[in-house]
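Each ligand, and each atom within it, is numbered from 1 in the order the structure gives.
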Amino acid sequence: MAEFDLVLRDARIGTASDLFRGDIGVRNGRIAALGDGLGKGAEEIDARGRLVLPGGIDAHCHLDQPTGDGSEMADDFASGTLSALCGGTTTVIPFACQVKGRGLREAVEDYHRRADGKAVIDYAFHLIVADPSAGVLGQELPALIADGYTSFKIYMTYDELKLSDRQILDVLALARRERAMTMVHAENADMIGWLTGQLELAGKTAPKFHAVAHARIAEREATHRAISLAELVDVPVLIVHVSGREAVEHIARAQAQGLRVLAETCPQYLFLTADDLDLPGNEGARCVCSPPPRDKANQQAIWTGLANGTFSVFSSDHAPFRMNDPKGKLVCGPAAPFSRIPNGIPGVETRLALLLSEGVLKGRITLHQFVALTATNPARIYGLAGRKGSIAIGADADLVLWSTDRSVRIANARLHHNVDYTPYEGIEVTAWPDTVIAGGEILVQAGEPTGAAVKGRGRFLRCDRPVEGAPA
Ligand code: DUC
Ligand code: ZN
Ligand code: ZN
């Protein structure tokens, strides 16, 4: 009789701290043994010196999230999680978003209905707190945190989502009391609104002006303010999707002072620039996201922040809208001003390959940093440590066997999302997931989903309180 359900033989196993050669034995969906010459598996994969890393955690992606402008996200939990899986991600944490004037619990229930029976991989939820009323702060949020929704995002911009500084202080105080993690979208709403008004008055409404309206100063100022508010309350805070050099500098300075300020960045700030919004007609809409991509010098600042540890998390911020779809990027018409283009770009499937290829294989970051940024740190920060994000005894057997010896040209035609473009079309990478295993099941083989990658197999994960403060 086989000792294990599955054995990966002679793999080169990488974690946030180690790289070693050995076998991985899987039983009942978990890693049961790591060793040399493990006993037989009912199924065996001959990994023969090939790189095996923990399945990725995409801790910032938007799936089937209701919008307020008539647009619809292209990916529901079925297509979005299949796409994530094929890119080597085995856990996603999208957002249950509160509508102003309504409850948080109702947003969570609605979001569960959207995920139930559809998710291919495991998922947890962050909350978006858009209306921190007395009832939300006093009852709903503490109860939800106790129920396993231990992180939430707040916005400093977007009229329908943004909080005042005073509201942010209230939310941060609650996060401190309840030991939850607060993620902040840091852009100054009035600066963006004022710049947008000026640009529109001058007839400058093409997609490329989105990057002008969302100036780096607006990100810098809001980042500094968010850090200051968290310092006042003495609570950890995580600044999401950081794009500009000055914001990185503020975060690094705060960290050097001993403040528990964490930061996330995303592929668009490494691989795109504002020039990608400067395309004929409305084509630039495809790369409209907030904050916007910057320039080569800022890309370099983000790479430096990844290499020197300023960033702890690398997520996709996948926010999928189609170009050729009346409910997509051009929902407000083909000539709509940039301010009415839905914000967001797809990237859940390409996140890991881009960073492994351009970051690790080109020597910008180490393999251990890659694993930490894409799996181990998000697990610790968002309360999934021990279960997700590492290759360790007892952890879920979420594993990716990477192909790193041939070049792959990114092409939308080979992706599994429901979006009709990828902003990364044509980029050559030398890493692509070959085999992806989640909960001990082989869900991707030779880069394509197997029959086991079925809708509804993904489980909802209740998150623990985050491992306080920061990654080890
Ligand atoms: N910006 C956000 O804040 N959220 C979704 C996508 C985007 O571009
Ligand atoms: Zn955001
Ligand atoms: Zn986002």
Check ligand 1 against Ala319 and write out every atom of the ligand that is under 4.0 Å from a heavy-atom position of the residue.
->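 By the 4.0 Å cutoff, the relevant atoms are 5 (C), 6 (C).
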N/O/S from Val240 sitting under 2.8 Å away from the Zn ion (ligand 2) =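 Not a single backbone or side-chain N, O or S atom of Val240 is under 2.8 Å from the Zn ion (ligand 2).
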Would one find an N, O or S atom of His60, in either backbone or side chain, under 2.8 Å from the Zn ion (ligand 2)?
->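 Checking the Zn ion (ligand 2) against His60, no N, O or S atom falls under 2.8 Å.
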Counting heavy atoms only, which of Cys61, Cys266, Ser290, Gly344 is nearest atom 1 (N) of ligand 1?
->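 Selected option, by shortest heavy-atom distance: Ser290.
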Does only the side chain of [X] get under 4.0 Å from ligand 1, or the backbone, or both, or neither? Count heavy atoms.
X: Val288; result: neither
X: Cys289; result: both
X: Lys153; result: side chain

Non-hydrogen atoms of His112 and Tyr149 that approach each other most closely |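 Scanning both residues, the minimum pair turns out to be NE2-OH, 2.6 Å.
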Looking at His126, Lys153, Arg351, which hits side-chain contact (heavy atoms from CB on, under 4.5 Å) with His60?
->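 So the option named by the test is Lys153.
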Looking at Leu85, Val92, Thr90, which one forms a side-chain contact (heavy atoms from CB on, under 4.5 Å) with Val120?
->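 Going through Leu85, Val92, Thr90 one by one, the side-chain contact (heavy atoms from CB on, under 4.5 Å) with Val120 is satisfied by Leu85 alone.
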Nearest protein heavy atom with distance in Å, relative to atom 4 (N) of ligand 1 = His62 NE2, 3.6 Å
Would you name the N/O/S atom of His62 that lies closest to the Zn ion (ligand 3)?
-> NE2
Checking distances from the Zn ion (ligand 3), one finds that the N, O or S atom of Asp317 closest to it is OD1
Give a yes or no on whether His185 keeps an N, O or S atom under 2.8 Å from the Zn ion (ligand 3).
-> no
Do NZ/NE/NH1/NH2 and the carboxylate oxygens of [X] and [Y] come within less than 4.0 Å?
X: Asp69; Y: Arg340; value: no
X: Arg105; Y: Glu140; value: no
X: Arg387; Y: Asp122; value: no

Is the shortest N/O to N/O distance between His185 and ligand 1 below 3.5 Å?
->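 Yes, His185 has an N/O under 3.5 Å of an N/O on ligand 1.
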Asp75 and side-chain hydrogen bond (donor to acceptor under 3.5 Å, both in side chains): which partner among Arg322, His318, His62, Gln65?
-> His318
State the CZ-CD distance between Phe311 and Gln369, to the nearest 0.5 angstrom.
-> 12.5 Å
